Student: 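I'd like to ask some things about the structure below.
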Amino acid sequence: MLNIILFGPPGAGKGTQSEKIIDQYKLTHIATGDLFRKHLGEGTDLGKLAQKYMDEGNLVPDEVVIGMVDEKIKETKANSSGYIFDGFPRTVPQAKALDTLLKEKGEKIAGMIALDVPEEELKKRIKERGKTSGRTDDQDEAKIENRIKVYQEETLPVANYYDGEGKLVKIHGVGSIDEIFGKISSEIDKLK
Ligand code: AMP
């Protein structure tokens with residue numbers, strides 16, 4: 001199995017690049033933001049719980065996220081040749097929990113690909129996406145600011161965690177979608 005984390009701040013292009021990665025490498029996509037939005041749309045208890053955090057651009061509690069990811073891995077493992085984790089892990093405890101979950105299954109993270117994009121560009125992209133995404137957290141300046149702040153304070157340490165394991169690869173995330181994908185895929189090829 002090839003298990004990869006696609007990492008980066010909100011608006012870095014993780015969703016867009018994930019689609020291309022899945023297509024080329026036939027990996028299973030686990031995007032925690034998408035999973036929460038699905039729960040929200042279906043009105044599940046998990047969706048209701050997550051909503052108040054998402055509405056403010058804050059992180060959903062670790063145990064909730066980890067439980068959801070664990071379930072998703074169990075559901076898909078038999079038919080999967082590997083995972084691309086997108087928007088997860090977002091805290092060091094989530095990263096440690098993911099390592100444990102994978103270890104129990106005889107698996108590990110091969111690498112973390114981190115998209116680096118300047119803050120002004122992130123804000124521009126998120127607002128642009130907000131015109132069509134229907135996401136309230138993409139349309140409000142204060143929520144966007146908070147998501148970037150939460151990323152810097154709570155999520156960035158996750159990159160250091162994987163760097164310490166020699167698994168971090170940084171990629172400049174500005175340019176055309178195909179250009180960036182070209183850089184990502186040459187890094188993934190090295191991990192295979
Ligand atoms: P995203 O689609 O990745 O931008 O996520 C949207 C929102 O879902 C975030 O602002 C958080 O409120 C929540 N969320 C998604 N993934 C996580 C995670 N791994 N940990 C905590 N909260 C998350």
Side-chain angles (χ1 to χ4, degrees), residues 4-18 29-41 44-70 72 83-101 109 111-165 167-174 180:
I4 293 165
I5 298 168
L6 188 59
F7 186 80
K14 300 188 294 297
T16 306
Q17 293 297 334
S18 285
H29 190 203
I30 296 194
T32 44
D34 290 350
L35 291 174
F36 282 130
R37 279 185 289 277
K38 188 161 181 281
H39 276 278
L40 226 114
T44 67
D45 287 346
L46 181 60
K48 285 176 196 150
L49 190 155
Q51 185 166 23
K52 61 175 186 286
Y53 299 98
M54 296 174 77
D55 274 351
E56 299 304 319
N58 290 324
L59 295 183
V60 178
D62 286 338
E63 62 276 14
V64 177
V65 187
I66 293 160
M68 183 174 73
V69 170
D70 186 19
K72 195 74 194 165
Y83 289 93
I84 173 102
F85 295 97
D86 161 3
F88 176 86
R90 256 177 159 98
T91 64
V92 171
Q94 288 181 21
K96 290 183 176 165
L98 176 62
D99 282 351
T100 307
L101 281 180
I109 290 296
M112 169 186 264
I113 295 179
L115 295 174
D116 198 14
V117 177
E119 194 169 320
E120 283 315 306
E121 174 72 15
L122 296 174
K123 289 184 194 162
K124 204 173 87 189
R125 288 186 190 178
I126 296 172
K127 280 186 218 158
E128 195 55 37
R129 183 172 69 187
K131 292 181 187 164
T132 53
S133 69
R135 288 177 55 173
T136 51
D137 62 346
D138 280 349
Q139 294 168 18
D140 180 306
E141 187 90 31
K143 289 178 189 178
I144 297 172
E145 291 277 352
N146 189 45
R147 284 160 68 204
I148 294 174
K149 180 172 157 271
V150 167
Y151 168 79
Q152 283 161 350
E153 290 175 1
E154 299 183 53
T155 304
L156 256 185
V158 177
N160 297 335
Y161 174 81
Y162 286 103
D163 196 19
E165 295 190 352
K167 292 182 179 175
L168 176 68
V169 181
K170 284 189 195 166
I171 286 183
H172 185 55
V174 181
I180 298 166

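Bear in mind the structure is a predicted one, so any value in this text is a computation, not a measurement. Numbers for residues simply follow the sequence, beginning at 1.
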Student: Distance check, rounded to the nearest 0.5 Å: His39 atom NE2 versus Thr32 atom OG1?
Tutor: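 One finds 11.0 Å between NE2 of His39 and OG1 of Thr32.
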Student: Less than 4.0 Å between a side-chain N and a carboxylate O, is that true for Arg125 and Glu128?
Tutor: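 Salt bridge between Glu128 and Arg125, a charged N being under 4.0 Å from a carboxylate O: no.
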Student: Does any non-hydrogen side-chain atom of Val65 lie less than 4.5 Å from one of Gln94?
Tutor: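 Yes; the side chains approach each other to less than 4.5 Å.
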Student: With Pro9 as reference, evaluate Val150, Asp116, Leu122 under the side chain to side chain contact (heavy atoms under 4.5 Å, CB included) test and give the passing residue.
Tutor: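 For Pro9, the side chain to side chain contact (heavy atoms under 4.5 Å, CB included) test succeeds with only one of Val150, Asp116, Leu122, which is Leu122.
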Student: As an exercise, state the distance from CD1 of Ile66 to OG1 of Thr100, rounded to the nearest 0.5 Å.
Tutor: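 Those atoms lie 9.0 Å apart.
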Student: If we only count heavy atoms from C-beta on, is the Phe85 to Ile4 side-chain gap below 4.5 Å?
Tutor: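 A side-chain contact is absent here, since even the closest heavy-atom pair is not under 4.5 Å.
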Student: Testing Leu168, Leu6, Asp163 for side chain to side chain contact (heavy atoms under 4.5 Å, CB included) with Met112, which one passes?
Tutor: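 It is Leu168; the other options fail the test.
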Student: Working to the nearest 0.5 Å, report the span between NZ of Lys170 and CG of Leu115.
Tutor: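 Between Lys170 NZ and Leu115 CG, I get 12.5 Å after rounding to 0.5 Å.
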Student: How about NZ on Lys96, more than 12 heavy atoms from neighbouring residues, nucleotides or ligands closer than 6.0 Å, or not?
Tutor: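 It does not: Lys96 NZ has 12 such atoms or fewer within range.
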Student: Side chains of Ile148 and Glu119, heavy atoms from C-beta outward: is any pair under 4.5 Å?
Tutor: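 The answer is yes; the side chains approach within 4.5 Å.
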Student: Can you pull out every side chain to side chain donor-acceptor pair (under 3.5 Å) where at least one residue sits in residues 136-145? Sequence neighbours excluded, please.
Tutor: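 Of all non-adjacent pairs touching residues 136-145, those that pass side chain to side chain donor-acceptor pair (under 3.5 Å) are Lys123-Glu145, Lys127-Glu141, Arg129-Asp138, Ser133-Asp138, Arg135-Asp137, Asp138-Arg147.
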Student: Hey, does the side chain of Lys14 reach the backbone of Phe7 with a donor-acceptor pair shorter than 3.5 angstrom?
Tutor: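 Checking the backbone N and O of Phe7 against the side chain of Lys14, no donor-acceptor pair under 3.5 Å is found.
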Student: With sequence neighbours left out, what residues match Tyr161 under ring pair (Phe, Tyr, Trp, His ring centres under 6.0 Å)?
Tutor: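 Tyr161 satisfies ring pair (Phe, Tyr, Trp, His ring centres under 6.0 Å) with no residue once adjacent residues are dropped.
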Student: Would you indicate whether the side-chain heavy atoms of Lys38 and Thr44 approach each other to under 4.5 Å?
Tutor: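 Counting from C-beta outward, Thr44 and Lys38 never come under 4.5 Å.
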Student: Search all heavy atoms of Ala95 against all heavy atoms of Pro89 and return the closest pair with its distance.
Tutor: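 What the structure gives for the nearest pair is N-CB, 3.4 Å.
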Student: For Ile126 and Gly11, which heavy atoms make the closest approach, and how far apart are they?
Tutor: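 Closest heavy-atom pair between Ile126 and Gly11: CG1-CA, 3.8 Å.
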Student: Do you know which two heavy atoms are closest between Lys167 and Ile109, and how far apart they sit?
Tutor: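 For Lys167 and Ile109, the tightest heavy-atom pair comes out as NZ-O, 2.9 Å.
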Student: Taking C-beta and beyond as the side chain, do Ile5 and Phe88 meet within less than 4.5 Å on heavy atoms?
Tutor: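 No; the side chains remain at least 4.5 Å from each other.
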Student: Using a 4.5 Å cut-off on heavy atoms from C-beta on, say whether the side chain of Ile171 contacts that of Ile113.
Tutor: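 Touching, per the 4.5 Å side-chain cut-off.
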Student: Would you check if Phe36 and Val60 make a side-chain contact, meaning some heavy-atom pair closer than 4.5 Å?
Tutor: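 They are in contact (side-chain heavy atoms under 4.5 Å apart), so the answer is yes.
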Student: List the atom of Gly173, the atom of Val117, and the distance in Å for their closest heavy-atom pair.
Tutor: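 Taking every non-hydrogen atom into account, O-CG2, 3.5 Å.
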Student: Test your reading of the model: is there a side-chain donor-acceptor pair from Lys72 to the backbone of Ile30, 3.5 Å cut-off?
Tutor: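 Checked: no pair found.
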Student: For the backbone of Glu154 and the side chain of Thr91, can you confirm whether one donor and one acceptor N or O come within less than 3.5 Å of each other?
Tutor: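 The answer is no, because no donor-acceptor pair under 3.5 Å joins these two groups.
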Student: Between Arg37 and Asp34, is there a salt bridge with N-O shorter than 4.0 Å?
Tutor: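 Salt bridge flag = yes for Arg37 with Asp34.
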Student: Of all the heavy-atom pairs spanning Asn146 and Gly57, show the shortest one and how long it is.
Tutor: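 In terms of heavy atoms, the two residues are closest at ND2-O, 3.5 Å.
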Student: I'd like to know whether Tyr151 forms a side chain to side chain contact (heavy atoms under 4.5 Å, CB included) with Leu156, so could you lay out the CA-CA distance, the side-chain angles of the two residues, the decisive distance to 0.1 Å, and finally the verdict.
Tutor: CA-CA 6 Å; Tyr151 168 79; Leu156 256 185; 3.5 Å; yes
